[in-house]
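Everything on this sheet refers to the single structure shown next.
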Amino acid sequence: MMDENPAVLQEMVTTPEQQPRSDEPNPVLCNKYKYRRLLLPPFAVSLFATALGLGIYSHLQKTADPWKSKWKSAAPLCLSPACIRASEHFSVAMDPFSRPCDYFLFACGAGGSSTNRDRQRVKGEVNKHSEVRTRGLIEMRRGTDGWSKSDGQLKTFPDRQTALLTAIKEILEAPDEAVSMGAAEQKAKNFFKSCMNAESREKMGSEPFLTLLQQLGGWAVSGVWNQTDFNSTLALLMGQYSTFPFFNVYVGPEPSEEQSASNRHYIQIDEPHFQFPIEWNSKTQKAKANTRYLRPFYSACGQYLVLLGVPSDRTTQHCGLFVSLSTTLAVATFPLPYRLSQKLLYRRTTIQELQTLAPAVDWLACLQATFQPLLISKSDIVLVHNLPYIIHMSKTIHLWQVQHELMGTGPLNTYMIFSLLQTLIPALDSRFFQIMRNYSIATGDTQEMPHWWRCVQQTERGFDTLLSHAIREKHAQKEAEELIQDVYSSLKKKLTDLSWRDEKESDFILNKINSLNPRISTNTNNLSYTELNHLYEKVILNEEDFFSNYLQILLLEQKSRARLLSLGTQTEGLSMTPFISGNDIIVPVGMFVSPFFHSSYPRALNYGTLGSLMAKDLLHLLLPDIYTKAKNPETESLCVWSHYLSVTKGPGWGDAFYLPSSKQQEVWVQYSALQVALDAYKMSFKRYLADSSLPGFSYVHLFLSSFTKVTCDTDAYREFMPLEPSFLVTVLCSNSGLCPKPLTCMNKPQSFPAEMCQS
Ligand SMILES: *[C@@H]1O[C@H](CO)[C@@H](O)[C@H](O)[C@H]1NC(C)=O
Ligand SMILES: *[C@@H]1O[C@H](CO)[C@@H](O)[C@H](O)[C@H]1NC(C)=O
Ligand SMILES: *[C@@H]1O[C@H](CO)[C@@H](O)[C@H](O)[C@H]1NC(C)=O
Ligand SMILES: *[C@@H]1O[C@H](CO)[C@@H](O)[C@H](O)[C@H]1NC(C)=O
């Protein structure tokens with residue numbers, strides 16, 4: 001009690017006065033309690049008031065609750081380097097609570113974070129006055145502030161992908177420490193260094209590819225071709241070079257078995273990736289290559305061949321054959337919705353059966369090469385995702401083989417070598433990359449990745465196990481485990497309290513939620529240094545020869561594919577959202593990077609940021625259709641929406657703007673994620689009675705600012721949100737006594753709904 005500051009006390013006492021007078025027409029239908037209040041006879045009102053007074057009194061007596069006595073106190077400063085960096089994202093000078101309503105209405109759009117045209121439009125419809133306020137707020141945000149950047153705007157959070165790649169880059173560029181440095185880590189660093197070193201690559205030119213081509217027996221394009229066997233070349237490309245010209249091969253579980261918690265993984269066979277966009281005609285139900293891109297493709301093909309020293313009089317013929325074979329194959333591809341509707345996915349067959357259906361490929365030899373040293377046998381099950389394509393491909397290969405045998409033009413071989421070239425372009429000099437870039441720009445892909453991004457991604461391709469291990473070691477220790485457990489238990493609590501539409505359904509869902517075990521990444525992530533070094537034992541890197549380093553990455557990829565098939569455990573360290581694997585919910589280590597999380601951060605920051613993101617991800621993962629299963633999403637989201645309308649439009653607009661159910665669900669998910677994260681933070685706070693903070697922030701203030709920051713800057717689901725997610729803080733704060741000040745709006749006579757929009 002003693003350490004409760006007077007401002008807070010006063011706030012708690014004045015809270016009831018913030019409630020709208022009950023004679024005021026209140027448009028908001030939040031929940032049943034409101035009706036009850038309206039029906040109260042006068043004497044009951046006084047009784048009610050007394051009870052309320054007593055309630056507040058006993059509430060104040062409960063200072064034994066450590067959370068309630070401390071949540072608003074000033075906290076000791078966190079001065080770790082990570083915290084100092086994090087404070088660039090936050091600022092007390094722009095204290096949201098000084099103009100709370102305005103702030104939370106426009107925090108995302110107005111603050112220099114990303115703007116969303118769609119949301120702007122909704123805002124415009126809802127309140128024309130908002131323009132004026134927004135402008136005022138932008139000015140407020142531009143105010144001088146020691147912790148923000150020189151342009152007066154706070155640094156925005158990067159998206160999760162950028163944050164993860166940056167974290168990996170830091171690991172790869174960290175100065176070598178003699179202690180704790182495994183040989184494997186050194187190899188990853190050397191690979192990255194050789195990737196970043198463009199000079200040696202430029203010096204080599206196209207030489208490395210030409211040498212490799214010679215080893216593979218040449219191709220008809222250059223006039224030097226050994227008439228190599230189709231099947232052996234195909235098996236070689238699939239096994240050694242991660243290249244799948246005619247069909248794609250990968251490993252994964254079968255969805256129908258997911259419920260049974262089996263961890264079994266299967267070989268999956270799918271359509272290949274084509275070099276140009278395929279068009280689907282939904283009337284004729286036929287696919288064809290988009291002719292608009294054939295000309296630029298043709299020209300790129302010619303440019304590649306010139307770089308490989310092919311005389312220009314030959315390029316026309318061979319590029320022509322390549323385009324013709326590709327477009328013939330593409331005819332039998334289908335877009336995913338069509339394949340779903342025709343039940344073409346996950347067709348189970350044995351390798352032997354596949355051989356009879358598509359005899360032009362030696363399936364057993366190709367799959368054995370792809371998964372060596374595993375034993376693959378004819379009776380093994382594979383899952384095929386478009387059998388009609390596979391049959392069509394086989395017929396086409398047979399036909400082209402027969403037709404071109406006598407002419408010696410070898411189009412099937414050319415096609416395979418061309419696919420190999422595509423795989424290897426990142427390892428060749430920049431002229432090849434430029435041609436590929438220009439071609440992607442022609443097909444509408446204008447997004448340019450910085451060179452270091454590509455190098456990090458290539459390192460990740462081969463060293464994913466090592467890197468997820470390193471991230472875990474560096475970033476995601478005990479604090480991460482606790483965050484996961486706290487978020488999951490408070491999520492379970494939230495879901496147990498829901499009112500479900502159907503009892504059987506709710507039993508099923510709650511059982512599932514209770515039986516799942518959330519954990520941080522898979523067990524490949526706790527390999528010892530010895531095991532890790534063993535994994536990368538055969539890799540020998542040469543700083544001057546990136547091409548040969550890159551070939552080794554492709555071999556590592558082959559090994560990890562085989563490992564996945566035999567063990568069923570994936571190194572998911574580098575994915576960024578939780579997923580289910582057997583009985584586990586895997587929360588990948590890739591989520592635990594700054595600025596989203598750091599073990600030295602105040603917990604208020606970790607729980608407000610990553611805690612709320614994780615809660616949101618888990619709700620999307622576990623209950624994608626919660627809207628149809630429970631009643632709360634509808635009532636609670638409409639309650640939030642009414643708050644929003646009453647603030648932006650004034651009273652009486654309760655039902656004026658209909659909210660589609662997908663948006664209702666998203667509002668509920670995001671509001672619930674905020675509640676779950678706060679609840680998780682309280683749990684953690686009760687365990688350790690102190691926390692640190694950033695300059696000027698109380699615990700709860702930092703928690704709410706973190707939530708606002710992360711949802712504004714990196715919300716992956718923003719297209720479904722009809723309002724700024726920061727507004728959810730206003731709703732949470734109304735009458736909860738949680739915020740430093742009640743969040744009322746200036747310049748707006750309003751009847752603020754009394755309820756907190758809770759079930
Ligand atoms: C291709 O043929 C030449 C000449 O017969 C031979 O020296 C070379 O080893 C062959 N290469 C392959 C990969 O078969
Ligand atoms: C590949 O091998 C299979 C199986 O041995 C054979 O039936 C097919 O004709 C071969 N394909 C080509 C194009 O030679
Ligand atoms: C790529 O496009 C740019 C701009 O159109 C052009 O200047 C450049 O020569 C092209 N490069 C290649 C390798 O085609
Ligand atoms: C890694 O984790 C798994 C499961 O959590 C455990 O069984 C195994 O012993 C651990 N391995 C090491 C090397 O710690």
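In each ligand, atom 1 is the first atom listed, and ligand 1 is the first ligand listed. Residues take their numbers from the sequence shown, with the count starting at 1.
Cation-pi geometry between Arg201 and Phe546 is met: the NZ or CZ atom falls under 6.0 Å from the ring centre, inside 45° of the normal.
Annotation: disulfide (SG to SG under 2.5 Å) contacts involving residues 344-446, sequence neighbours excluded, are absent.
Ring orientation note: the planes of Trp363 and Phe247 are tilted relative to one another, at an angle of 30° to 60°.
A donor-acceptor contact closer than 3.5 angstrom links the side chains of Thr423 and Thr243. Side-chain contact of Trp225 with Ser222: a donor-acceptor pair under 3.5 Å is absent, judged by distance alone.
The shortest N or O to N or O distance between Ile397 and ligand 2 is not below 3.5 Å.
Taking the charged nitrogens against the carboxylate oxygens, Arg561 and Glu557 do have a contact shorter than 4.0 Å, which makes a salt bridge.
For Met204, the side chain to side chain contact (heavy atoms under 4.5 Å, CB included) test picks out Pro208, Asp545, with sequence neighbours left out.
Each of the following atoms of ligand 2 lies closer than 4.0 Å to a heavy atom of Phe230: 11 (N), 12 (C), 13 (C). In the vicinity of Pro359, heavy-atom distances shorter than 4.0 Å reach the ligand 2 atoms 3 (C), 6 (C), 7 (O), 8 (C).
For ligand 3, the 4.0 Å heavy-atom shell contains residues Gln303, Gln434, Ile435, Asn438.
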Enumerate, atom names and distances included, each donor-acceptor pair closer than 3.5 Å involving a side-chain atom of residues 290-306, sequence neighbours excluded.
unit_1, atom_1, unit_2, atom_2, d
Asn290, OD1, Arg292, N, 3.0
Asn290, ND2, Glu279, OE2, 2.8
Tyr298, OH, Thr316, O, 3.0

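When heavy-atom distances to ligand 2 are checked against a 4.0 Å cut-off, Asn231 comes that close only through its side chain, counted from C-beta outward.
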